[in-house]
Engineer: 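Okay, handing you the structure first.
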Number of protein chains: 2
Amino acid sequence: MKMNLNRRDFLKKATLTGAGFVTMPSFSVAKGKARANSNVQVGMIGVGGHGHGHINHVLQLENVSIVAICDIKEANLSRGQSIVEKTTDKRPIGYGEHEYSYREMLVKEDLDAVIIATPWRWHIPMAIDTMKAGAYAAVEPGAASTVKECWDLVNTAEETGLHTMILENHCYDRWNMAVLNMVRQGVFGELLHCQCGYEHDLRGRIVTGKKSGVSEPKALGGDYRSLQNIKRTGDLYATHGIGPVSQCLDIHRGNKFMNLVSMATKSRGLKLWAEENLDTDHPAQGIDWKMGDIVSTMIKCNNGETVILSFDTRSPRPYSNMRRVQGTRAIWLQDGEASSLDKSVIHVEGESPHHEWEPFGPYQEKYEHPLWKRYQNEGVVAGHRGGGFLKVSGFIEAVRRQIPPPIDTYDTASWKAISPLSERSIAQGGESVEFPDFTNGKWMTMEPIFGLTDEY
Amino acid sequence: MKMNLNRRDFLKKATLTGAGFVTMPSFSVAKGKARANSNVQVGMIGVGGHGHGHINHVLQLENVSIVAICDIKEANLSRGQSIVEKTTDKRPIGYGEHEYSYREMLVKEDLDAVIIATPWRWHIPMAIDTMKAGAYAAVEPGAASTVKECWDLVNTAEETGLHTMILENHCYDRWNMAVLNMVRQGVFGELLHCQCGYEHDLRGRIVTGKKSGVSEPKALGGDYRSLQNIKRTGDLYATHGIGPVSQCLDIHRGNKFMNLVSMATKSRGLKLWAEENLDTDHPAQGIDWKMGDIVSTMIKCNNGETVILSFDTRSPRPYSNMRRVQGTRAIWLQDGEASSLDKSVIHVEGESPHHEWEPFGPYQEKYEHPLWKRYQNEGVVAGHRGGGFLKVSGFIEAVRRQIPPPIDTYDTASWKAISPLSERSIAQGGESVEFPDFTNGKWMTMEPIFGLTDEY
């Protein structure tokens with residue numbers, strides 16, 4: 001990858017706002033500050049499971065330095081620092097005395113980019129603070145708390161000229177990128193309908209808070225998954241599904257989501273799991289989980305396509321992303337027997353036997369995305385099946401070039417906004433909810449940016 | 001099957017109403033008219049493809065006579081008469097001079113039951129006339145024209161004490177009845193979510209009107225499918241999907257549909273198919289098909305379950321019923337690779353390997369429905385995979401016993417009403433539409449009647 005760093009040249013004065021324990025000074029960044037020959041300076045906020053993975057991804061990139069790490073868990077922090085030190089001989093500065101220590105990091109360090117892997121409710125506030133501090137932000141998938149904070153994210157990006165990218169690894173899945181490639185080459189004809197979702201039996205993790213990356217002191221009632229399932233009902237993890245689908249449908253690139261309807265089933269799975277797997281005096285017994293076991297969402301798009309989204313982490317089932325991409329010429333499906341992630345099926349009019357499915361394998365080979373071709377040749381690094389590395393690499397490359405990241409702030413805001421929008425529809429008994437146009441009309445003229453070449 | 005005919009004992013005075021070419025006299029049926037030792041007297045309206053199949057099914061039953069046949073196509077009529085004559089040595093009386101000749105048949109013949117296999121828009125009017133004439137009606141699947149006519153059907157049934165059964169063969173599918181059996185035995189725990197639909201590439205048939213059983217003089221623009229696709233957009237063939245699902249969910253038997261939301265994609269497939277497969281001067285060129293290519297519907301049930309229904313006969317794809325029955329203990333899926341009708345997959349908590357699908361075959365054997373066990377032992381007659389015979393046999397048995405048929409008038413009205421309800425939701429941009437309670441509250445106390453034993 002070539003260094004092509006046109007350093008941000010716009011930041012005059014940005015102030016971190018909002019409640020906090022640190023008083024934030026105004027600060028300025030020199031216009032046109034030259035970075036062409038220097039490293040991309042990265043800060044990390046939250047280095048539990050996912051953040052830890054990101055450290056490893058970043059360390060594989062050239063001309064990138066992790067200069068600071070923030071985590072309120074001392075164990076996470078020191079582990080993260082040690083990993084970086086081991087590889088680079090330079091120990092990143094540590095932050096993490098309290099929940100707002102990350103702001104101290106943003107002010108004190110001269111960062112180009114910040115990777116945020118904290119509990120869901122922190123993603124957008126931290127991304128906003130990051131952009132206000134003059135850096136690009138990258139955030140993990142997960143629900144927004146409100147539609148308003150999604151607007152705040154977009155407004156901050158537009159005000160600062162900086163960007164937030166959601167690190168949606170499923171967009172980088174080999175099969176999803178091959179399908180996107182096929183869509184762009186017209187194999188599917190005109191797209192009509194997509195299905196997608198996140199169907200993953202996580203009952204144990206949700207109920208006990210284990211393996212959930214909770215950065216809260218108490219396991220149960222932690223922020224990441226447990227508390228969200230106690231307090232909310234809606235599609236809280238839509239991005240794995242909607243990410244790749246948005247790219248196929250050219251959302252924000254000539255198309256947009258119009259309205260959305262969600263329905264949730266009754267809530268049974270989590271309570272039942274606790275009853276059958278935990279001691280009778282476990283604090284997770286008898287919790288009144290608000291979250292319905294299965295949440296279904298339908299979205300209508302401006303160009304006449306429909307999307308069905310499924311969210312099910314509360315019932316016993318094999319993992320699935322329930323993928324379906326369907327057009328006037330072909331249909332691709334990944335579910336059931338075909339839900340093994342590399343075992344999907346396809347039917348292409350004129351090519352496939354009449355009324356029959358074919359295994360996707362040969363199509364995968366034929367339509368392999370250029371980025372994946374390159375990364376397979378170079379020996380791609382694993383982690384969420386390769387997508388984990390590619391998303392971080394794509395983000396850093398955008399920072400280096402000072403261009404919008406391959407998944408931009410509008411995508412991040414829209415995908416994360418599905419959660420509060422679906423909550424609203426469910427609360428209103430399945431009423432249709434208008435989808436906000438976070439681009440303010442720019443969707444009509446913006447061009448695709450994701451996966452255009454083999455570069456990032 | 002034992003004869004146990006408690007002949008209708010209620011009909012005092014019924015009048016066929018509505019516009020028609022025949023002036024209908026009032027008529028009465030003797031109260032308690034004894035039929036215990038006589039045949040069930042059947043009339044047929046419409047003996048094209050499906051009606052022809054029904055004749056063959058009826059002829060295999062004991063103590064049943066097809067005494068009259070009505071069809072406005074002379075070829076259909078005489079073929080139907082000849083088949084019956086060949087088997088029974090008695091030629092049924094023929095009707096069919098004009099569209100309302102069936103009413104002449106209803107008045108002149110002393111019928112116990114009428115089987116209706118005409119274009120969709122005639123199903124409910126003919127069933128109403130049939131009940132008013134003192135007989136049970138059986139109708140093919142297909143869309144109702146309006147919600148009002150569904151109410152008229154229910155009201156007529158309640159006024160006459162007679163019944164209409166929708167001949168939904170998918171309810172009698174081996175796998176669906178085995179799954180129903182498993183649901184009733186608690187294998188799925190408490191049900192949460194179902195998916196179902198009718199996904200069948202019928203573009204050629206719809207566009208040309210061929211093989212569509214159209215009883216209209218002109219092929220194109222015929223009533224059955226072509227015209228429906230020109231004039232309407234909604235789920236017009238919901239019953240294959242919703243029938244078996246309704247039984248699993250105990251709809252009208254302690255549960256009910258609450259509200260419904262539908263979305264349709266743009267309409268592309270039919271026009272495109274005509275352009276690529278027909279002469280440029282073919283009358284099907286350039287038609288403005290109103291029907292969206294893929295129609296998706298979500299339904300919320302009173303007991304907290306959700307249903308997703310798919311209707312897609314306008315795009316290239318392998319056949320599928322997109323079945324999914326999901327509960328707190330198990331999930332069954334029939335789609336994609338598993339959509340070959342006898343190749344579905346299942347995951348049962350505690351029995352299946354963790355996070356893995358199993359083939360449904362062994363479960364099918366273990367939970368085979370008693371009716372199917374019996375019919376397989378007796379050598380079931382084919383036709384829509386056996387379900388075609390079982391539905392007619394079940395209907396005739398209910399007539400013989402003068403009891404509500406296994407799929408009753410409320411089911412018929414509700415399942416057929418999905419079409420106009422989904423049309424309404426689509427027309428309103430995806431707004432939620434309340435589902436009428438055709439039972440007027442009786443759903444709270446009515447008991448299941450479908451597939452209870454191996455008798456019918």
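Naming: A, B, ... by sequence-line order, numbering from 1 per chain. Every heavy atom of this structure was used, including side-chain atoms; hydrogens, water molecules and symmetry mates were not.
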Engineer: List the atom of B:Ala330, the atom of A:Pro316, and the distance in Å for their closest heavy-atom pair.
Structural biologist: N-CG, 4.2 Å

Engineer: How close do A:Leu191 and B:Lys266 get, counting heavy atoms only, and between which atoms?
Structural biologist: O-CE, 3.2 Å

Engineer: Quick one: what part of B:Glu190 sits under 4.5 Å from any heavy atom of chain A, side chain, backbone, both or neither?
Structural biologist: side chain

Engineer: Does any part of the side chain of A:Met258, heavy atoms only, come nearer than 4.5 Å to the side chain of B:Met263, both counted from C-beta?
Structural biologist: no

Engineer: Taking side chain as everything from C-beta outward and backbone as N, CA, C, O, which of these in A:Glu434 sits under 4.5 Å from a heavy atom of chain B? Side chain, backbone, both or neither.
Structural biologist: neither

Engineer: Please classify the contact between B:Leu272 and chain A as side chain, backbone, both or neither, with a heavy-atom cut-off of under 4.5 Å.
Structural biologist: side chain

Engineer: Can you find a pair of side-chain heavy atoms, one from A:Pro318 and one from B:Ile331, that are under 4.5 Å apart?
Structural biologist: yes

Engineer: Taking B:Arg329 first and then A:Glu276, would you say they form a salt bridge - that is, a charged N and a carboxylate O separated by under 4.0 Å?
Structural biologist: yes

Engineer: Step through the shown structure and confirm whether more than 12 heavy atoms of other residues, nucleotides or ligands are within 6.0 Å of CD on A:Glu365.
Structural biologist: no

Engineer: Determine the minimum heavy-atom distance between B:Met298 and A:Thr297, stating which atoms define it.
Structural biologist: SD-N, 4.3 Å

Engineer: Tell me whether B:Asn259 contacts the main-chain N or O of A:Gly429 through its side chain, where contact means a donor paired with an acceptor under 3.5 Å.
Structural biologist: yes

Engineer: For chain B, which candidate among A:Ser296, A:Pro353, A:Gly430 shows the most heavy-atom pairs at distances under 4.5 Å?
Structural biologist: A:Ser296

Engineer: With only heavy atoms counted, which part of B:Ile426 is less than 4.5 Å from chain A, the side chain, the backbone, both or neither?
Structural biologist: neither

Engineer: Please check if the side chain of B:Lys300 supplies one atom and the backbone of A:Thr265 the other of a donor-acceptor pair under 3.5 Å.
Structural biologist: no

Engineer: At a 4.5 Å cut-off on heavy atoms, which part of B:Asp201 comes close to chain A: side chain, backbone, both, or neither?
Structural biologist: both

Engineer: Quick one: are A:Ser432 and B:Val261 in side-chain contact, heavy atoms under 4.5 Å?
Structural biologist: no

Engineer: Heavy-atom pairs under 4.5 Å with chain B are the metric here; pick the option from A:Leu260, A:Asn303, A:Val295 that has the most.
Structural biologist: A:Asn303

Engineer: Does any heavy atom of chain A fall under 4.5 Å from the side chain of B:Ser267, the backbone, both, or neither of them?
Structural biologist: neither

Engineer: In terms of heavy-atom proximity below 4.5 Å to chain B, should A:Ser352 be classed as side chain, backbone, both, or neither?
Structural biologist: neither

Engineer: Go through the steps to decide whether B:Arg317 and A:Glu349 satisfy the test salt bridge (Lys or Arg N to Asp or Glu O under 4.0 Å), and finish with yes or no.
Structural biologist: CA-CA 8 Å; B:Arg317 58 160 300 138; A:Glu349 189 173 25; over 6 Å; no

Engineer: Taking all non-hydrogen atoms of both residues, which atom of B:Gly327 and which atom of A:Ser315 are closest, and how far apart?
Structural biologist: O-CB, 4.4 Å

Engineer: Using non-hydrogen atoms only, which part of A:Ile346 is less than 4.5 Å away from chain B: side chain, backbone, both, or neither?
Structural biologist: neither

Engineer: Between B:Thr328 and chain A, with a heavy-atom cut-off of 4.5 Å, which part of the residue counts as in contact: side chain, backbone, both or neither?
Structural biologist: both

Engineer: Check this for me, if you would: do B:Glu199 and A:Arg324 make a salt bridge, where the nitrogen-to-carboxylate-oxygen distance has to be below 4.0 angstrom?
Structural biologist: yes

Engineer: Measure the spacing between CD of A:Glu305 and CD1 of B:Ile294 and express it to the nearest 0.5 Å.
Structural biologist: 10.5 Å

Engineer: Looking at B:Gly350, B:Ala264, B:Cys301, which one has more heavy-atom pairs under 4.5 Å with chain A than the rest?
Structural biologist: B:Ala264

Engineer: Under a 4.5 Å heavy-atom cut-off, does chain B meet the side chain of A:Gln326, its backbone, both or neither?
Structural biologist: side chain

